[in-house]
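Bear in mind the structure is a predicted one, so any value in this text is a computation, not a measurement. Ligands are counted one by one from 1 in listed order, and the atoms in each one are counted from 1 as well.
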Amino acid sequence: MELTDLTAVQALGRMRAGEISSGELTRAYLERIDRLDRGVIQAYVTVTPEHALEQAHAADERRRAGDEAPLLGVPMALKDLALTRGVRTTCSSKMLEEFVPIEDATITRRLYEAGAVLLGKTNMDEFAMGSSTENSAFFPTRNPWGDLNRVPGGSSGGSAAAVAARLAPFAIGSDTGGSIRQPASLCGLVGFKPTYGRVSRYGLIAFASSLDQFGPLTVDVADCALVTGVIAGHDPLDSTSLDAAVPSYSDALNDNPPVGSGEDLRGVRIGVPREYFVAGMESGVEQSVRAALDVLRGLGAELDEVSLPHTDYGLAAYYIIAPAECSANLARYDGVKYGYSAPDAESMWDGYYKTRGRGFGSEVKRRIMLGTYALSSGYYDAYYLKAQKIRTLIKQDFDVAFERFDALVAPTSPTVAFKLGERTDDPLAMYLSDVCTLPVNLAGLPGLSLPCGLSEGMPVGLQVIGKPLDELGVLKIARAYEHAGGWNGRRPDLAS
Ligand code: GLN
């Protein structure tokens, strides 16, 4: 076994036992990145070797001094929309190509305090708008599974590809409509979007503020619980952050029922939303998900079908609300405050046109135009207001379902990873990638994707959706399934 095969929990065990140092572990990742990233997987926009080795040595010092911080010495990758002081943060946009933040995002700070070591910043769809990472202004990222000509999903595709290719033991992504769960599904990983407000958004470069949420991409549920525990919690710097106690997810999973007893989920009521088995779903995906439902039943869970009747309107409502918020959030890129500024501007207006015309890619421009239109007087009532009403109905569907069920289980993505270029000319086909994930964002719920099989040799994801703030309930179901389903921890063999 190579050092880069270790999960975060396993690496921590070896470091605690004094068998390896963070310095060694970090160097192993940096060497692998050198070999396999640029020109092959292309998961990273920026690699930070000096920074990483400095943090690794500091972590080794801390451990020698008796420090037992929860991620002490574990390397990680951050999606390139999490602010990192002194490290370029681009959002995979020309607009921020040279942007070096003067402060850390709250999660960056929390992860550093927990002892994590930054390997670099990962590629994404520009400003997190997309489902394939092909909207990056720099280069596409490849899915490490299969013949390397498929997308890793998006928008956190760089984070997912980095973990799947063992170029980082875990990574952070962000999820506005599915951008953690869908790439986790397409790359065979565990990806978790916590409850809206559970994790601080301070220092997350905003796309749609009422939907955006940070979360981890990991190899298994134990790592997911560990990282979620580190990043969750109230933050006075984010006014939407929830002031609710955070249970120790890792301890709770460890103390809890004997995994492998075969009855780990006895009495847990799980709803299966009928509407998530959408038309156009690949049969291999449906088979894997249905087989996973049988596994959950075998573990003692009580499964029943449930209807979330407004699901059909989710996509339409999301593609009004998210662009509307983006059109406001992205107004700040005006060439004056920070970011790209057209050097040849002849007047104030000319400066805006040139800066925004050149700095943003076509998908970002499309979203700004959609959003501005939906918010404009005369159309506001017809589009934005109606979308907000649908959002409430979608939330109510979940509320009703949660009167009967402890959690819901559904597919994450209707298809496995598609080919690079396959959907780039058809925005609507791309938008449809997220039909199963975006209602969860509209309702602010926790949603996790974990691997449940292969179809055409590519990973399939199972989505577990929980009640608000019930991250622990979601993690318990995921771990029980992971143990019984036998799909955890598989990563593609890149040697071939
Ligand atoms: N794919 C969706 C979009 O393009 C969701 C993106 C996200 O979650 N950041 O908006």
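In this structure Thr7 satisfies the side chain to side chain contact (heavy atoms under 4.5 Å, CB included) test together with Val9, Gln10, Val219, Asp220, Asp223, sequence neighbours excluded.
Residues Ser327 and Arg367 have side chains that never bring a donor and an acceptor to within less than 3.5 angstrom of each other.
Residues Phe127 and Tyr333 place their aromatic rings such that the two centres sit under 6.0 Å apart.
For the atom pair Asp397 CG and Tyr313 OH, the distance stands at 11.0 Å (nearest 0.5 Å).
Judged by distance alone, the side chain of Arg356 and the main-chain N or O of Asp334 form no donor-acceptor pair under 3.5 Å.
Within the 4.5 Å cutoff, the side chain of Arg201 has heavy atoms near those of the Tyr196 side chain.
Each of Ala128, Met129, Gly130, Ser131, Ser155, Asp175, Thr176, Gly177, Gly178, Ser179, Phe207, Tyr318, Tyr319, Arg367, Asp434 has a non-hydrogen atom positioned under 4.0 Å from some atom of ligand 1.
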